[in-house]
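To start, the structure itself, in structure tokens.
Naming convention: chains lettered A, B, ... in sequence-line order (proteins, then strands); numbering from 1 in each chain.
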There are 2 protein chains.
Amino acid sequence: MPNYEPDLSTTFSALGDPTRRGVLARLGQGAATVSELSQPYDMALPSFMQHLKVLEKSGLVHSHKAGRSRIYELQPERIREAEQWLQQQRQLWEQRLDRLDDYLLQMKEERE
Amino acid sequence: MPNYEPDLSTTFSALGDPTRRGVLARLGQGAATVSELSQPYDMALPSFMQHLKVLEKSGLVHSHKAGRSRIYELQPERIREAEQWLQQQRQLWEQRLDRLDDYLLQMKEERE
DNA sequence: TAGATATATAACTATATAGCTATATAAAAG
DNA sequence: CTTTTATATAGCTATATAGTTATATATCTA
């Protein structure tokens, strides 16, 4: 199996849920507790906490206990990795199209 | 193919599998048939084709029938969307850190 | 037209994911 | 010391996902 990249898999899978993307967007504004993060969502707390666990397992966020609260913060490295993979794919695609354009242009010139 | 409504969730979910990312990377080099795409993978063909269906439903690829073959090609728009979402999150995060740096610097200057 | 090729579909199993309620624990507040 | 608050865990259901084999269909090739 070529391109075996387990980190990217858990990162992209974690990103594939609107609740989890919402949490990441919120954490972009700064660290927050479980209750602060869950407040906008109409969802039982254990269900919401499951999403937080998925985010933490993927490495997209990090948490620590402070008194009876748990504080989550963004961990931007995994976001950068995912972004770079996408950027690379897009760039390879665009370079190929450029080479195709060059080729077609050359064909055209040779016919003239 | 019917009108699917691809969004970030289906895009990121589709990206969360190494086989599917491998297919996307391969399609970056140019269009290919099902058998060409499946060749590197040690997986039963129906299982592999399921991955192609997931990619097509997400809008990351497009396909058409040519004789008895089906030809897949990359559809870069969904990749760009995903890339832009990640870029935006990262930029918001970095801007916030910059503002925090400014604030800390100002505090330091005011103490001197 | 018969056979080979390239998908496509059906039917099934196993595991993962996303949600719930109920209950437990740990720390803060009174 | 009791109550409230803020998670944390247990245990359950339903659906989704990822894989399999067997079989069907459509299109080329001889």
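- The shortest distance between the side-chain N/O atoms of B/Ser47 and the OP1/OP2 oxygens of D/dA18 is not below 4.0 Å.
- Nearest-nucleotide assignment on DNA chain C puts the 5′-proximal partner with B/Thr33, out of A/Ala66 and B/Thr33.
- In this structure, B/Lys57 places its NZ atom 12 Å from C1' of D/dT17, rounding to the nearest Å.
- For D/dT17, neither phosphate oxygen OP1 nor OP2 lies less than 4.0 angstrom from any side-chain nitrogen or oxygen of B/His51.
- Residue A/Leu55 contributes atom CG, which lies 13 Å from atom P of C/dT17 at whole-angstrom precision.
- Using a 4.0 Å cut-off, no side-chain N or O of A/Arg68 falls inside it from OP1 or OP2 of C/dT25.
- Within the structure, every side-chain polar atom (N or O) of B/Lys65 is placed at least 4.0 Å from both OP1 and OP2 of C/dA6.
- Distance, A/Leu52 CG to C/dG19 C1': 15 Å, rounded to whole Å.
- Figure legend: A/Arg96 and A/Trp93 shown as a cation-pi pair, the cationic atom lying under 6.0 angstrom from the six-membered ring centre and within 45 degrees of its axis.
- Placement of A/Leu45 and A/Val54 in two distinct hydrophobic clusters is found when ILVMFWY residues are connected by side-chain heavy-atom separations under 4.5 Å, directly or transitively.
- The phosphate of D/dA6 has neither OP1 nor OP2 within less than 4.0 Å of any side-chain N or O from A/Arg70.
- Note: CE (B/Met43) to C1' (D/dA18) measures 8 Å, nearest angstrom.
- For the pair B/His64 NE2 and C/dA8 P, the interatomic distance rounds to 12 Å; values are reported in whole Å.
- When all heavy atoms of B/Tyr72 and B/Val34 are compared, the closest pair comes out as CE1-CG2, 3.7 Å.
- A/Phe48 has its CZ atom 15 Å from the P atom of D/dA6, to the nearest Å.
- Nearest approach of B/Val61 to B/Leu52, heavy atoms of both residues: CG2-O, 4.4 Å.
- Of all the heavy atoms in A/Arg21 and B/Trp85, the pair that sits closest is CB-CZ2, 3.5 Å.
- Residue B/Met49 is classed as a base contact, given a heavy-atom separation below 4.0 Å to a base.
- Atom CD of A/Gln50 and atom C1' of D/dA14 are 14 Å apart (whole Å).
- Going from atom NZ of A/Lys53 over to atom C1' of D/dA10 covers 10 Å, rounded to whole Å.
- The listed nucleotides are C/dA10, C/dA18, D/dA10; the one nearest the side chain of B/Pro46 is C/dA10.
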